[in-house]
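Contents: one structure, followed by commentary.
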Amino acid sequence: MDIIKNISIIFISIFFESLPFLLLGSIISATIETYISNEKIAKMIPKNRVLASIVGVFLGFFIPACDCAVIPVSKRLLKKKVPINVAITFMLASPIINPVVLLSTYYAFYRTNPNIFWYRLIFGILISLVVGIIIGIIFNNKEVIKNGLLEEETCSCHHDHKNNKFTSIINHTAIDLFEVVKYLMFGALIASLVQVLLPRNILLIFNNNEILSIIVLMLFAYLISLCSTSDSFVGKSLLSSFTSSSILAYLLLGPMIDIKNTFVLLGNYKKKFVYTLITLIFITIFIASVGVVMLS
């Protein structure tokens, strides 16, 4: 009974911690749909793929969204014909470089290991750019969003959204939220099972090996599914047992992909795209973390 109780408590904690950010993402997504036309977006995005991806980084800073909120926003950007490399760069960068996460990372590490703050910021931007550009090359001009009716076709409220922008925002927010919240629930359930059933001391088996500790904390970040606004303090608690490079890997991977977000992505994007994205994230973060080991 204690196990079921603990699973329930952690599930509720993960779900309700994520839900406000998911709602925020849906509101931002709906606002983009209502106020920003395809033509305006086309003028904002440079033709050069690298420069366009840098725009995605800036969007990640100025549209503050955690790892849950960015998925509906990125999907909306793609529907607005934003290049896929820009949308993916935004989706990966925002949970790491938005002001709230930057502040939490700074306060967690500025006394103990300030280099982790700078490494997270710099590598978060670089990895987002690299993965976004590679995804743009692989899936250029390919449909990655799951097929479904357009929101305008599913609307049954009988209002003229063109003349009532507030109603339009409410309508699109509800649609976006409904599309992702069911996958969030399932992902949160899996994450809560992992947190209760996975023995924490198993992490310490590999903590003396630089490379294995990186892999272990990457998997830990993926399985535990913490929000990017709070994972810095968990990372700080691991400093006494793990190397800086493995802590960095944990802090980079968790905001970009975890179990709950995998289910949300699979509910909105095609499987080949999701699996390719996850693979690229793991590979690039591993390479970056090993690079830090070699430099130190």
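Predicted model, so just to flag it, every value in this text is computed and none were measured.
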Within one Ile-Leu-Val-Met-Phe-Trp-Tyr cluster: Tyr275 and Tyr222, side-chain cutoff 4.5 Å: yes
Phe11 with Ile9, same ILVMFWY side-chain cluster at under 4.5 Å: no
Supply the atom-to-atom distance [X] [atom1] to [Y] [atom2], rounded to the nearest 0.5 angstrom.
X	Y	atom1	atom2	answer
Leu59	Asn98	CG	CG	13.0 Å
Met256	Leu277	CE	CG	10.0 Å
Leu77	Lys80	CG	NZ	10.0 Å
Lys142	Lys272	NZ	NZ	5.0 Å
Ile7	Ile12	CD1	CD1	12.0 Å
Ile45	Lys81	CD1	NZ	14.5 Å

What are the two closest heavy atoms between [X] and [Y], and how far apart are they?
X	Y	answer
Ser94	Gly60	OG-O, 3.1 Å
Val57	Thr89	CG2-CG2, 3.6 Å
Pro46	Ala52	O-CB, 3.5 Å
Ala288	Ile127	CB-CD1, 3.9 Å
Leu251	Ser232	CD2-CA, 3.9 Å
Thr112	Ala108	OG1-O, 3.8 Å

Does any non-hydrogen side-chain atom of [Y] lie less than 4.5 Å from one of [X]?
X	Y	result
Val82	Arg76	no
Leu78	Tyr269	yes
Tyr119	Leu252	no
Ile135	Val144	no
Ile97	Val101	no
Ile285	Phe123	no
Ile214	Val290	yes
Asn113	Ile116	yes

Candidate pair Leu121 and Ile125, rule side chain to side chain contact (heavy atoms under 4.5 Å, CB included), full reasoning: CA-CA 6 Å; Leu121 173 60; Ile125 292 173; 4.0 Å; yes
Under 3.5 Å donor-acceptor, Asn268 side chain and Lys75 backbone: no
Side chain Asn171, main chain Thr167, donor-acceptor under 3.5 Å: no
Connected-component partners of Leu295 among ILVMFWY, side-chain separation under 4.5 Å: none
Residues clustering with Ile287 (ILVMFWY side chains joined when closer than 4.5 Å, directly or via others): Ile283
Results of side-chain hydrogen bond (donor to acceptor under 3.5 Å, both in side chains) for Ser213 - residues two or more places apart only: none
Step-by-step side chain to side chain donor-acceptor pair (under 3.5 Å) determination, Thr243 to Ser246: CA-CA 5 Å; Thr243 62; Ser246 59; 3.1 Å; yes
Centroid-centroid distance, Tyr106 to Phe117, less than 6.0 Å: yes
Criterion side chain to side chain contact (heavy atoms under 4.5 Å, CB included) on Thr105 and Tyr110, from CA distance to verdict: CA-CA 8 Å; Thr105 308; Tyr110 80 101; over 6 Å; no
Pair Arg120 + Asp231: basic N to acidic O under 4.0 Å: yes
Candidate pair Ile145 and Lys270, rule side chain to side chain contact (heavy atoms under 4.5 Å, CB included), full reasoning: CA-CA 6 Å; Ile145 298 175; Lys270 293 183 177 180; over 6 Å; no
Phe233 atom CZ, over 12 foreign heavy atoms within 6.0 Å: yes
Side-chain donor-acceptor contact under 3.5 Å, Ser289 with Ser245: no
Phe273/Ile138 under side chain to side chain contact (heavy atoms under 4.5 Å, CB included): CA gap, chis, key distance, verdict: CA-CA 9 Å; Phe273 167 77; Ile138 296 173; over 6 Å; no
